[in-house]
Structures are given as C-alpha cells and as structure tokens.
Amino acid sequence: MRDLEKMSEQEYDLLIIGGGISGASIAWDAALRGLKVALVEKNDFAHGTTSASSKLIHGGLRYLKNLEFGLIRESLRERRIWEIVAPHMVTPLRFLVPTYGHGQNSRWYMSLGLTLYDLLSYDSNRLDDEDQRLPSHRRLSRTEAIQLEPGFERKGLTGALLYYDCQMIA
C-alpha cells in the first residue's frame, strides 16, 4: 500500500523506514514471523545504491587498513546476529584475492591482515548450523590460484588468499 494517510489509520507491530535491501529484508523476515509491518520509503523501493547492491554482509575487513578494530568487531557482531536470527537469508560467500609482489598486495601483507581479521572474528563459528560457520582464511599457491581463477593477471602473481564473509539472499 502506498497511501500514507490510510496507513496512518492502522496499527503496526513494526515500522521500518527505508526500503533498501536491509529494510525490505527486515520487513520480509518480520512478516514471516507474524508481525504486522509497515515499510516506508521516500522514493521507489530499491531506489539508488541498493539497486546495485552486492547484498554483502561483511565483517568489516575494509576497516582493517585504518586499524579501526572497534568498527571491525561491531561489523562482525552484526554479521553474526544476522546469521543467528535469519539463517535462511544469510549464506557464506567465498572470496579469492590474488597476491602480487611486495607491499600492500603481497602475500605476507594481505595474509597478516586476514590473520588479524580471523582473530577479531573469534566467535564467528559459534553457530549451531555448521553450514553457516565461516572457515579461517587460507593461503593458496600460484598454481592453486590459477586453477580456481584462470582469469587472474599472471604477471607477478604469487598466489591468492581465500576468505569468507556473508551475503544476504532474499
């Protein structure tokens, strides 16, 4: 219903403001649980950036570069909450990151970052459903990386790192 005046005449258990991926998913999940839900969006649903969303429920890996450990833990906790309360909507998603030469794209640098990420996500596998548990990152040789992703730029390729985050499926 898009009639705000008519909507205001009813009572709802939950009001969600914003019809992006998060708002729509929360509304859908709440309705499945028997709640009467009102979802309000100022534009068309899925307007703007949400329409191109990866639906990634990340643990905050991108914050590692700036050493924002509190923000990473907060993201990891939120990801875990989604895994617990809506396991039917969240699935592990594998990432393969190529490593090259020295510096920030090197194996040792990126592996150090993912090791910190694994340590910060110490509670990520405290889930009843084994299919929802996320393995720690893993180093792959150059040969293994090419086998998994033949499209990698081979010049300077030293291998790859395999890690997991989650994606919302709705």
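For reference, positions follow the sequence shown, starting with 1. Hydrogens, waters and symmetry mates are skipped; everything else that's a heavy atom, side chains included, is used.
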Flag side-chain contact, heavy atom, 4.5 Å: Gln147 against Leu140 | no

For the side chain of Asp118 and the backbone of His137, is there at least one donor-acceptor N/O pair under 3.5 Å apart?
-> yes

Report yes if some heavy atom in the side chain of Arg94 is under 4.5 Å from a heavy atom in the side chain of Asp165; otherwise report no.
-> no

ring-ring contact (aromatic ring centres under 6.0 Å, His included) with Phe69: which residues, sequence neighbours excluded?
-> none

Does the side chain of Met110 reach to within under 4.5 Å of the side chain of Val97, using non-hydrogen atoms?
-> yes

Evaluate side-chain contact (heavy atoms from CB on, under 4.5 Å) for Leu61 paired with Ile72, printing each intermediate quantity in order.
-> CA-CA 7 Å; Leu61 180 63; Ile72 295 167; over 6 Å; no

Just wondering, do Leu15 and Val40 contact through their side chains at under 4.5 Å, heavy atoms?
-> yes

Tell me, do Cys166 and Leu93 make a side-chain contact under 4.5 Å, heavy atoms counted?
-> no

CG/Leu96 to CD/Glu149 distance, rounded to the nearest 0.5 angstrom?
-> 7.0 Å

Side-chain heavy-atom pair Arg138, Leu161 within 4.5 angstrom cut-off = no

Applying side-chain hydrogen bond (donor to acceptor under 3.5 Å, both in side chains) to Asn105 and not counting sequence neighbours gives none

Quick one: side-chain hydrogen bond (donor to acceptor under 3.5 Å, both in side chains) partners of Arg107, sequence neighbours excluded?
-> none

What one should report as the nearest heavy-atom pair of Leu64 and Gly113 is CD2-O, 2.9 Å

Measure the OG-CD1 distance between Ser141 and Ile146 for me, rounded to the nearest 0.5 Å.
-> 8.5 Å

Once you round to the nearest 0.5 Å, how far does CZ of Arg73 lie from CZ of Arg80?
-> 8.5 Å

Nearest heavy atoms of Gly18 and Leu39, plus distance in Å | O-CD1, 3.3 Å

Working for side-chain contact (heavy atoms from CB on, under 4.5 Å), residues Leu14 and Lys36 = CA-CA 7 Å; Leu14 180 63; Lys36 188 171 181 183; over 6 Å; no

Would a 4.5 Å heavy-atom cut-off, applied to side chains only, mark Lys65 and Gln104 as touching?
-> yes

Heavy-atom pair with the smallest gap, counting every atom of Ser106 and Gly101 = CB-O, 3.0 Å

Starting at CG of Leu120, measure out to CG of Leu71 and round the result to the nearest 0.5 Å.
-> 11.0 Å

Residue set satisfying side-chain hydrogen bond (donor to acceptor under 3.5 Å, both in side chains) with Glu74, at least two apart, ordered chain then number -> none

Residues passing the side-chain hydrogen bond (donor to acceptor under 3.5 Å, both in side chains) test with Arg77, sequence neighbours excluded, are none

For the student: nearest non-hydrogen atoms of Gly103 and Tyr109, plus distance = O-CB, 3.2 Å

Path from Leu119 to Leu67 over hydrophobic side-chain contacts below 4.5 Å | no

Please work out whether the ring planes of Tyr163 and Tyr117 are parallel, tilted or perpendicular, with thresholds of 30° and 60°.
-> perpendicular

Can I get a per-line list of side-chain donor-acceptor pairs under 3.5 Å for residues 152-159, giving both atom names and the distance, sequence neighbours left out?
unit_1: Glu153; atom_1: OE2; unit_2: Lys155; atom_2: N; d: 3.3
unit_1: Thr158; atom_1: OG1; unit_2: Thr99; atom_2: O; d: 3.1
unit_1: Thr158; atom_1: OG1; unit_2: Thr99; atom_2: OG1; d: 2.8

Could you grab the distance from atom CG of Leu114 to atom CZ of Arg139, nearest 0.5 Å is fine?
-> 10.5 Å

Between Trp82 and Ile26, which heavy-atom pair has the shortest distance, and what is it?
-> CH2-CG1, 3.7 Å

With no hydrogens and no angle check, do the side chains of Glu5 and Ser8 hold a donor and an acceptor under 3.5 Å apart?
-> no

How about Ser121 and Leu134: do any of their side-chain heavy atoms sit closer than 4.5 Å?
-> no

Rounded to the nearest 0.5 Å, how far apart are OG1 of Thr91 and OH of Tyr164?
-> 10.5 Å

Show your working on side-chain hydrogen bond (donor to acceptor under 3.5 Å, both in side chains) between Glu78 and Ser75 and close with a plain yes or no.
-> CA-CA 5 Å; Glu78 289 176 6; Ser75 295; 5.5 Å; no

